[in-house]
There are 2 protein chains.
Amino acid sequence: MIQYEPWKISCEGRENPKLLENIFSQANGYLGSRCAFYIDGAKNHERCNYLAGGFEYISPGVTDMVNLPDLFHFQLFLGTGDYLSFSQSLDMHNGLFERRSVWKDQEGRETQINISRFISMDNKHVSALSLEVTALNYSGDVTVIMGIDGNTVNLPVDDDQTKENLDTVSLLSVSETETGENYCFLKADSKASGRLQVAITARMVQSKGTAKDASVTGCPAKELNFPLAEGEMVRIEKILYTEAVIKDPEAASEGSQTLPKVGQDLYPHVINHSFEELLKNSEVAWRSHWEQADIQVTQKGNGSFVQSALRYNIFQLIQNCPYGNSTVSIGARGLTHGRYKGCCFWDTDIFLLPFYLFTDPQAARDLILFRLNTLPDAKKNAKALNLPGARYPWMCSIGGIEQCQSWDIGRCEIHITADVAYAVENYLEFSGDETLMRRSAQLYVETARYWAGRFSYDQRKDVYNLLFVKGPDEYCGVSGNNAYTVLLARNNFKLALEAVQRKEAEAGAEEMKKWQDIIEKSQVEYDSDRYLYIQDDNFLRLEEFPGKKAEDGSASYHQYDFDWLQRYQVIKQADLVLLMVLKPELFTAQQKTAIWDFYEPLTLHDSSLSFGIHAWAAAYLGLEQKSCDYFDKSLFLDLEDRMKNTGREGIHLAAVGATWQAVVFGFAGLSLGKDGKPKLSPRLPKDWEHLSFHFFIKGKRYLAVIDEKGGRIETEEKKKG
Amino acid sequence: MIQYEPWKISCEGRENPKLLENIFSQANGYLGSRCAFYIDGAKNHERCNYLAGGFEYISPGVTDMVNLPDLFHFQLFLGTGDYLSFSQSLDMHNGLFERRSVWKDQEGRETQINISRFISMDNKHVSALSLEVTALNYSGDVTVIMGIDGNTVNLPVDDDQTKENLDTVSLLSVSETETGENYCFLKADSKASGRLQVAITARMVQSKGTAKDASVTGCPAKELNFPLAEGEMVRIEKILYTEAVIKDPEAASEGSQTLPKVGQDLYPHVINHSFEELLKNSEVAWRSHWEQADIQVTQKGNGSFVQSALRYNIFQLIQNCPYGNSTVSIGARGLTHGRYKGCCFWDTDIFLLPFYLFTDPQAARDLILFRLNTLPDAKKNAKALNLPGARYPWMCSIGGIEQCQSWDIGRCEIHITADVAYAVENYLEFSGDETLMRRSAQLYVETARYWAGRFSYDQRKDVYNLLFVKGPDEYCGVSGNNAYTVLLARNNFKLALEAVQRKEAEAGAEEMKKWQDIIEKSQVEYDSDRYLYIQDDNFLRLEEFPGKKAEDGSASYHQYDFDWLQRYQVIKQADLVLLMVLKPELFTAQQKTAIWDFYEPLTLHDSSLSFGIHAWAAAYLGLEQKSCDYFDKSLFLDLEDRMKNTGREGIHLAAVGATWQAVVFGFAGLSLGKDGKPKLSPRLPKDWEHLSFHFFIKGKRYLAVIDEKGGRIETEEKKKG
């Protein structure tokens with residue numbers, strides 16, 4: 001369905017509109033907007049705009065990501081009819097979305113409607129839309145209503161993966177509206193706590209015709225009228241400026257931030273620039289991102305599928321990162337959808353961070369700072385469960401307070417805490433950033449304290465068990481001694497011990513002895529005959545899986561209950577296979593092969609987090625065909641809707657991050673050699689002739705090139721970020 | 001606080017009003033009403049009336065027990081002031097509640113206000129209130145508004161034991177109201193599905209004064225005015241008739257039932273009888289219940305605490321049973337509170353059924369019929385979890401569809417299915433009812449099929465494990481091979497196999513072989529050195545409990561999270577101790593002592609289901625002091641608010657049922673001898689001189705008497721029911 005060009009994706013037609021409104025989502029890390037504007041009504045579309053960190057409470061302690069007033073609201077009155085043609089494209093150079101369509105009404109009048117939109121990468125507050133209307137075969141009056149629609153609502157999507165929540169809730173209250181000669185202004189506050197305030201100004205300029213006020217409650221708007229001669233075109237530009245204040249109600253100190261109360265005073269931004277000029281500025285900003293993050297691939301026979309789709313994946317990573325803001329992280333669907341109430345998961349630490357770490361260390365630093373800043377909340381989470389230290393939340397939104405409400409996942413999927421420690425370790429190692437050493441050490445110590453309280457000592461056997469735990473494989477139920485979790489928790493203890501030994505943090509001798517003790521006496525089942533690590537205490541007691549994955553690729557938990565799935569040797573997503581690539585030093589070559597050979601055939605890949613990791617692991621193990629197959633699934637996961645849920649859920653950013661890792665760590669085999677220098681272990685797919693990308697390590701910029709001559713790394717003496 | 005007389009409980013003063021409104025709750029098994037009417041506003045009270053089976057959906061598939069229009073609504077206008085005196089009593093002979101109070105206003109005027117109320121045990125539709133107002137030291141006009149208030153709401157209480165839901169939701173819509181010369185009429189439908197329709201007529205007769213219409217939206221009412229001379233009294237009687245239609249939207253066949261549309265036509269019931277006359281009828285009906293169910297206890301020194309409190313416990317069992325209705329069961333709090341959304345649990349099968357089975361076999365039959373009738377729903381529950389056979393719901397309301405939404409309890413606390421099979425076994429054994437044999441056999445077979453799908457076969461060891469299971473001890477987390485569940489599941493298989501062998505039901509040879517195989521190869525950990533059954537796979541791996549129960553007796557899950565509690569050797573409530581008394585034949589004497597000695601000290605009794613069972617088990621084991629201590633806690637659990645939650649949650653009917661079992665099975669030691677005849681093994685508390693009660697076995701009525709001469713059973717040749 002999608003057409004792929006090196007810097008552009010495009011699509012003819014309107015089939016699967018919910019998928020397309022995700023695919024063409026746009027963002028700049030601050031503001032995100034789904035591509036859900038239609039002239040024939042908004043049925044079955046999710047007309048959503050989001051702000052990074054723009055959360056509000058929907059019940060005590062539980063937040064949702066607020067659906068903003070609709071910035072891009074317009075109505076075009078052309079009479080009943082249908083599209084004769086409809087094509088959309090996204091230019092990844094500059095983030096420009098374009099839609100060209102022809103509408104034919106019942107009386108045969110044909111109107112060309114071209115829409116262009118971008119969200120500025122240059123100035124995070126700026127976005128712009130242009131609408132061109134051409135009367136193709138008639139003369140007549142055309143009317144457009146254009147404004148800012150504050151009557152938007154939220155769908156507070158449940159955490160439960162199998163439940164669909166169709167309730168709507170109104171989280172905003174419009175406090176001011178204003179219309180001027182050629183602008184609209186709207187200000188809204190989030191209702192429950194007032195923590196989010198947003199002010200939006202839209203300047204609308206039309207090439208001809210008249211304008212009058214057409215505001216309705218909560219929606220300041222102008223009605224634009226223009227007579228068109230046959231073949232004549234009118235162009236309307238809508239330049240938007242969005243400003244928000246996000247106050248933490250617990251942190252009264254931020255009270256100094258206030259928003260403008262009146263639209264006209266304050267927005268020279270929207271007055272002095274045209275669509276084209278602002279787009280040029282944005283393109284310059286995009287260019288500097290691409291200079292750091294682009295990956296060039298040449299396929300045999302000049303195919304550009306891979307090049308285009310890979311750029312699309314990187315495009316999503318760039319546009320969903322809240323640059324310069326360490327008070328928020330990246331939600332599982334970024335700014336493309338409210339799924340999981342916009343919350344951030346381990347997806348950021350394990351799946352997304354590496355991309356930023358190697359292409360934009362400052363962005364990675366902010367993501368790490370988010371975890372460091374929320375250490376006090378992580379301590380509250382631990383305390384709420386009667387535990388010492390710091391427990392990172394499975395889901396979080398505002399700060400680091402646990403947002404996941406389900407028992408099996410919210411209470412039991414505790415590897416997140418070790419994942420965060422691992423991410424910090426990873427960051428420090430590759431960034432060389434020494435300024436966060438001490439704070440990181442504190443995080444290691446507090447998370448080690450949590451783990452020490454979370455393991456259970458079995459006196460009879462002098463061992464430590466990690467009970468009531470769920471691993472990355474969410475089909476394992478609530479089990480004991482999940483190997484992924486135990487091994488990463490051991491790593492967490494090791495990081496804490498080393499940090500204390502380096503005097504970056506303090507800890508008591510007694511507790512350190514216990515940490516060491518748990519490293520040595522924690523339990524992971526291991527079958528020495530097969531060199532095989534066993535996923536958890538239950539795994540070998542389970543029966544062979546008698547089910548079958550749905551042919552359309554959708555997740556099995558839609559056809560089988562989790563309660564049933566957990567009793568079979570069937571795996572939702574990479575678990576030990578993931579650990580094997582994250583921490584290859586923990587396993588011998590034999591053990592790695594054993595893990596792959598045993599678990600890979602049992603894995604259903606019912607999480608979007610699975611394919612890219614399997615591609616990486618297969619490449620690592622030299623299994624070329626497997627790595628290509630898995631890579632294809634990860635690369636096109638959203639673009640080709642491989643899991644049949646992109647339309648419903650938005651862009652799967654973790655899969656996007658895993659795709660990137662499959663290329664850089666899997667195919668290129670980038671790692672640090674024993675000499676501390678980066679090295680490549682190229683294992684490109686057969687039909688790739690050339691792969692090259694830039695990356696940063698410890699503030700130095702390198703260029704990796706792999707071609708028929710093999711792989712080589714060139715140094716560029718350029719400072720980071 | 002409570003004063004105890006043999007047939008009456010009473011209380012001076014108004015301290016702890018929420019507790020008192022539960023203690024004095026009244027019901028007749030069809031209609032229940034909390035005792036929450038006050039003349040000084042309804043702050044902090046739960047003004048609730050419930051109908052057995054009166055559920056409505058609050059979200060798709062999820063029900064709540066509807067709070068009816070307030071039948072007993074009245075307002076008495078006496079000016080600001082306070083009570084000079086306030087005393088309440090409940091006569092257990094006839095269910096009459098009386099409140100005598102004196103109100104003194106700011107100008108010194110004192111008014112005596114006496115309220116009497118009963119809900120008829122004779123005619124389930126009838127209830128009545130009388131209000132007597134006396135001007136003690138003044139002359140003046142007094143005004144009362146009296147009517148039926150349809151503006152009531154629900155508090156849809158969460159399943160989660162630790163979460164309090166303070167949302168309110170309006171489930172009813174008033175469709176008709178009418179006021180006549182001396183009556184009000186109200187009709188309301190439940191909003192979501194319309195399955196519940198209720199019509200209420202109230203006739204109000206006053207001994208003097210005038211009346212006028214004082215209806216407001218949703219609340220038909222009369223304003224009654226009367227001039228009182230000093231010392232003069234006016235009496236107002238309110239006679240109520242409540243009729244309801246409960247339609248199952250899926251069973252359109254019940255459409256023939258309709259309710260009256262007009263009040264006046266239809267209620268000779270409320271016109272032809274006085275309060276006193278209706279009360280007399282009710283008393284006759286109560287008398288026949290007491291003839292079957294009373295237990296007489298004589299304590300040394302003429303103390304009547306035990307006699308009175310025991311009658312109170314029996315009173316609750318009588319008044320909350322939906323006599324003659326096998327389409328509903330008894331909720332965990334009966335008709336006294338909406339806790340757990342009014343749902344029915346294993347409480348009915350294990351804790352309540354024995355009382356009815358031995359004192360009112362027809363009532364027991366209806367409770368068993370409820371489970372037999374909901375076998376098709378139990379099959380739906382199994383199917384929803386991809387399992388064969390029938391899975392009884394942890395919580396149910398309308399029919400037998402699972403209402404519990406939490407993972408750890410709703411999916412894992414599966415012993416309920418074996419509990420139901422056990423209850424049916426128990427019923428058939430003691431009732432001698434042969435008419436339900438075949439349907440029961442079908443239940444045994446379908447539940448056995450469920451269990452066969454639920455156990456996991458471990459090929460390596462040739463054993464069956466029951467994984468991901470939570471036992472009666474809800475502090476055990478999600479564990480494996482919970483002994484209570486595995487042993488009762490084996491019993492379930494045995495019942496099915498025997499039923500098929502007796503040709504009461506059919507099953508395939510293959511599946512029967514598997515059932516036998518699971519009986520033999522299912523796993524329960526057993527420590528043969530200590531003769532000790534281990535509660536589950538994890539129990540011996542847990543650490544010693546470092547916490548402490550709160551001194552006020554409230555449950556520990558309020559101070560410690562379940563996530564923490566599950567990692568220690570600490571028990572919420574009787575688990576193996578319960579199984580030991582339910583199925584004593586499964587254990588040797590040594591094993592029983594081992595169970596008690598090991599688990600009893602680890603038990604926090606954080607469920608009201610625990611004390612009575614421990615009293616019974618201690619009596620069984622001859623531990624007199626322990627049995628008395630536990631009995632005291634169970635007997636007075638609600639009356640003295642031993643768990644500090646009766647005010648918040650209503651009457652704990654399972655504790656009430658366990659209290660009864662502690663007396664009959666524990667102290668009296670009633671059981672069937674090897675000759676098939678009932679026998680006693682008396683082990684009375686030291687200060688009990690006499691204990692006697694009637695009971696039914698296999699349709700025969702017996703009298704058990706225990707006194708200084710020992711125990712004896714006398715036969716009464718009277719047919720059951």
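All values below come from the heavy atoms of this structure, side chains included, with hydrogens, waters and symmetry mates left out. Just so you know, these numbers come straight off a predicted model, no measurement behind them. We name chains A, B, ... by the order of the sequence lines, and we start the count at 1 in each one.
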Visitor: Under 3.5 Å, is there a donor-acceptor pair between the side chain of A:Asp408 and the main chain of B:Trp407?
Guide: no

Visitor: For B:Asn538, is it the side chain, the backbone, both, or neither that has a heavy atom closer than 4.5 Å to a heavy atom of chain A?
Guide: side chain

Visitor: What do you reckon, is OH of B:Tyr531 surrounded by more than 12 foreign heavy atoms closer than 6.0 Å?
Guide: no

Visitor: Which heavy atom of B:Leu540 sits nearest a heavy atom of A:Asp458, and at what distance?
Guide: O-OD1, 3.9 Å

Visitor: How many angstroms lie between atom CG of B:Asn386 and atom OH of A:Tyr568, to the nearest 0.5 angstrom?
Guide: 8.5 Å

Visitor: Looking at B:Asp561, B:Asn465, B:Leu565, which one has more heavy-atom pairs under 4.5 Å with chain A than the rest?
Guide: B:Asp561

Visitor: Output the distance between atom CD (B:Glu544) and atom CD (A:Gln459), rounded to the nearest 0.5 Å.
Guide: 8.0 Å

Visitor: Using non-hydrogen atoms and a 4.5 Å limit, figure out which bit of B:Gln566 sits close to chain A: side chain, backbone, both or neither.
Guide: both

Visitor: Between B:Lys461, B:Gln559, B:Arg454, which shows the greatest number of heavy-atom pairs under 4.5 Å with chain A?
Guide: B:Arg454

Visitor: Just so I know, are the side chains of B:Asp537 and A:Asp537 near enough to count as touching, which here means a heavy-atom distance under 4.5 Å?
Guide: no

Visitor: Can you tell me if A:Asp563 uses its side chain to pair, donor with acceptor, with the backbone of B:Leu385 under 3.5 Å?
Guide: no

Visitor: Find the distance between CD (A:Gln523) and CZ (B:Arg541) and round it off to the nearest 0.5 Å.
Guide: 8.5 Å

Visitor: What part of B:Phe455 is in contact with chain A, defined as an atom under 4.5 angstrom from a non-hydrogen atom: side chain, backbone, both or neither?
Guide: backbone

Visitor: Do you know which two heavy atoms are closest between A:Trp564 and B:Leu387, and how far apart they sit?
Guide: CD1-CD2, 4.3 Å

